[in-house]
Amino acid sequence: MSSKLQIVKGMRDLSGVEAKSFAHLEDTARQIFGLYGFEELRTPILEFTELFTKGIGQDTDIVGKEMYLVLDRREKSLALRPEGTASVVRHVASQGLMRQKKQVKFFYFGPMFRYERPQKGRFRQFYQIGVESFGNAGPDGDLELFLMLRQYFSAIGLKNVGFQLNSIGCPAPDCRPAFRAKLVGFLSAQKEALCPDCQRRLETNPLRVLDCKNERCIQLTQDAPKSIDSLCGSCKGHHQELLGLLEAHQISYETNNRLVRGLDYYSKTVFEVYSADLGAQSAAGGGGRFDGLFEQFGEEPVPSVGFALGLDRLVMLCPEPPKGQAPVFVIGWEQKAVSLMVAQLREAGIGAEYDPGRASMKSQFKQADRFGGRWTLVLGEEEIRTGQVTLKNMQQGTQTTLSPNEALKLIRA
RNA sequence: GCGGAUGUAGCUCAGCUGGUAGAGCACCGGAUUGUGGCUCCGGUUGUCGCGAGUUCAAGCCUCGUCAUUCGCCCCA
């Protein structure tokens with residue numbers, strides 16, 4: 001029972017329907033994102049550690065304490081990627097793609113790694129499907145992502161999800177910094193009443209006090225200043241235009257003034273895909289605009305929007321994917337004849353299975369039943385003598401004896 | 001890093017105030033010599049997570065440890 005072979009904490013094997021669900025979500029994403037002109041980009045799982053410290057920000061938890069770090073044989077510090085955006089930006093910048101095209105759009109999937117305490121919907125190796133769109137500064141760049149997500153969610157049968165939307169402005173002095181100052185002023189006045197975590201946040205990242213889950217903090221910040229009221233002219237215009245576009249396309253969303261994204265590089269639009277069915281980790285995905293990220297890497301600025309979905313969380317919300325055709329089960333006494341028949345069926349594109357251990361007819365039928373296939377093909381002494389096969393319909397319990405070719409036709413029908 | 005809950009058969013779990021472990025499902029066989037599902041009969045399955053301690057006696061009590069899980073922090 002208890003085996004010594006044990007999996008690493010926070011990691012898991014995906015098998016059965018779960019593995020199928022993952023594949024299905026990925027396949028569907030490939031197909032739909034392709035319609036919007038996004039191309040797949042496969043980046044390495046290992047990157048130089050600096051890519052993330054520069055990109056995500058030294059002081060975030062992700063970089064500060066959650067990265068899996070390794071030293072290679074030349075003592076270079078490498079990190080298992082904790083997110084996907086930095087790699088995509090690295091690719092676009094280092095290949096000079098923005099000098100070749102006005103717009104560049106990529107999607108990616110794959111495992112990400114963060115050394116955190118696991119809980120419902122949260123793993124140390126988790127899977128993301130992400131999208132980045134470069135070169136479109138206007139709100140229709142944002143809009144495109146919402147449209148694409150809506151179509152994707154409908155394609156995978158996702159229900160009970162909603163968009164939450166906010167704008168957190170830009171680094172211009174009269175925008176986020178001004179808002180931040182206002183907020184700090186408001187919070188400092190009641191610092192003592194905030195929870196210990198929030199008192200700490202007030203110093204490190206005051207915006208995050210807004211999404212504290214502590215009820216008292218929520219109450220106290222009820223009348224806190226809102227970021228959308230302190231936007232600069234350009235950010236305000238962007239936000240208003242986006243709302244107008246969303247309405248025109250009948251995309252429903254909720255405004256959430258408390259929504260601030262975790263990573264420093266976001267600007268203007270931020271959003272989350274949430275569901276009440278997920279437990280405490282209610283976000284199935286999130287994204288936003290990050291117009292300043294290229295500059296953070298010392299590159300020419302490139303307007304950028306993107307999002308990432310947590311596949312592990314999407315799987316919890318989606319119905320099981322449609323089942324493929326269950327295999328035909330072949331049973332009989334003579335091993336060689338059975339395996340030849342199975343081979344022939346497989347070559348013909350029909351899934352087939354058999355029992356390699358010489359079990360009784362009864363037990364072979366039992367196994368056939370468990371496979372859940374529609375047909376069982378019987379190849380007994382009689383059939384071998386006459387060169388025919390018996391095909392049994394497992395749902396109806398009826399069976400007929402006929403030639404192998406006719407059987408093929410029937411199975412295919 | 002912090003808090004709570006849980007580890008008993010392949011799976012889901014029961015096991016009273018401590019007295020040497022049970023059910024259902026699953027699996028195997030038979031009733032039915034080449035016919036599954038339904039029914040009936042029979043059978044297999046355990047270092048009670050691991051290690052100490054208390055006790056005449058520990059699945060149960062105590063301590064430690066590992067793992068799982070749900071939260072916090074943070075995030076997808």
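Proteins get letters first, then strands, A, B, ... in listed order; numbering begins at 1 in each.
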Classify the nucleic acid contact of A:Arg12 as base, sugar-phosphate or nothing, counting any heavy atom under 4.0 Å across all strands shown. nothing
Where does RNA chain B form stems of at least three consecutive Watson-Crick or G-U wobble pairs, each pair having both distances below 3.5 Å? B:1-7 with B:66-72, B:10-13 with B:22-25, B:27-31 with B:39-43, B:49-53 with B:61-65
Mind checking A:Gln395 for me? I need base, sugar-phosphate or nothing, with any heavy atom below 4.0 Å counting as a touch. base
If you take any heavy atom closer than 4.0 Å to RNA chain B, which residues from residues 153-171 of chain A end up in contact? none
Do any side-chain atoms of residues 402-413 of chain A form donor-acceptor pairs under 3.5 angstrom with protein atoms, and if so which ones, sequence neighbours left out?
unit_1	atom_1	unit_2	atom_2	d
A:Ser403	OG	A:Glu406	N	3.3
A:Ser403	OG	A:Glu406	OE1	3.2
A:Glu406	OE1	A:Ser403	N	3.1
A:Arg412	NH2	A:Ala348	O	2.9

With a centroid cutoff of 5.5 Å and a plane-angle limit of 30°, would you call A:Trp333 stacked on B:G34? no
I'd like to check the ring pair (Phe, Tyr, Trp, His ring centres under 6.0 Å) partners of A:Phe294; sequence neighbours left out, ordered by chain and number. A:Phe134
Checking side chain to side chain donor-acceptor pair (under 3.5 Å) between A:Arg289 and each of A:Asp142, A:Thr269, A:Asn136, which is the one that passes? A:Asp142
Salt bridge present between A:Arg261 and A:Glu272 (N-O < 4.0 angstrom): yes
Presence of donor-acceptor pair under 3.5 Å, side chain of A:Lys392 and base of B:G36: yes
Among B:A76, B:C70, B:G36, which nucleotide has an atom closest to any side-chain atom of A:Gln119? B:C70
Is it true that the side chains of A:Thr85 and A:Glu132 contain a donor and an acceptor less than 3.5 Å apart? yes
Mind checking if A:Gly130 touches a base, just sugar-phosphate, or nothing, with heavy atoms under 4.0 Å? nothing
One thing to verify: whether A:Glu299 and A:Arg90 come together as a salt bridge, which I'm taking to mean a side-chain N less than 4.0 angstrom from a carboxylate O. no
List the residues meeting salt bridge (Lys or Arg N to Asp or Glu O under 4.0 Å) with A:Glu66, not counting sequence neighbours, and say none if there are none. none
For A:Ala368, report the nucleic acid contact type (base, sugar-phosphate, nothing); a contact means any heavy atom under 4.0 Å. nothing
Assign A:Gly121 to base, sugar-phosphate, or nothing according to its heavy-atom contacts below 4.0 angstrom with the strands shown. base
What residues 206-213 of chain A contributes to the RNA chain B interface at heavy-atom separation below 4.0 Å is A:Arg208, A:Lys213
With A:Phe106 via ring pair (Phe, Tyr, Trp, His ring centres under 6.0 Å) - residues at least two apart: A:His91
Would you please classify the geometry between the A:Phe271 ring and the A:Phe146 ring as parallel, tilted or perpendicular, with 30° and 60° separating the classes? tilted
In whole Å, I'd like the distance from the CD1 atom of A:Ile56 to the C1' atom of B:A76. 13 Å
Hey, does the side chain of A:Arg201 come within less than 4.0 Å of B:C73's phosphate (OP1/OP2), counting only N and O? yes
Go through residues 370-389 of chain A and report each residue with a non-hydrogen atom lying under 4.0 Å from RNA chain B, sorted by number. A:Arg370, A:Val378, A:Gly380, A:Glu381, A:Glu382, A:Glu383
A:Asp13 has an atom CG; how far is it from atom P of B:U68, in whole Å? 13 Å
Enumerate donor-acceptor pairs with a distance under 3.5 Å from any side-chain N or O in residues 382-389 of chain A to protein atoms, sequence neighbours excluded.
unit_1	atom_1	unit_2	atom_2	d
A:Glu382	OE2	A:Arg385	NH2	3.4
A:Glu383	OE1	A:Gly380	N	2.9
A:Glu383	OE2	A:Thr390	OG1	2.5
A:Thr386	OG1	A:Glu382	O	3.1
A:Thr386	OG1	A:Glu383	O	3.3

Distance-only donor-acceptor test (3.5 Å): side chain A:Arg114, base B:C74: no
Base B:U35 paired with A:Gln399 side chain (donor-acceptor, <3.5 Å): yes
Would you mind listing every ring-ring contact (aromatic ring centres under 6.0 Å, His included) that reaches into residues 363-391 of chain A, with sequence neighbours excluded? A:Phe329-A:Phe371
Quick one: which residue pairs count as a ring-ring contact (aromatic ring centres under 6.0 Å, His included) with a foot in residues 28-53 of chain A, not counting sequence neighbours? A:Phe33-A:Phe107, A:Phe33-A:Tyr152
By side-chain hydrogen bond (donor to acceptor under 3.5 Å, both in side chains) - contacts of A:Arg12 (at least two apart): A:Glu18, A:Asp312
Just to be sure I understand the rule, does A:Phe307 reach a base, reach only the sugar-phosphate, or reach nothing, if contact means heavy atoms closer than 4.0 Å? nothing
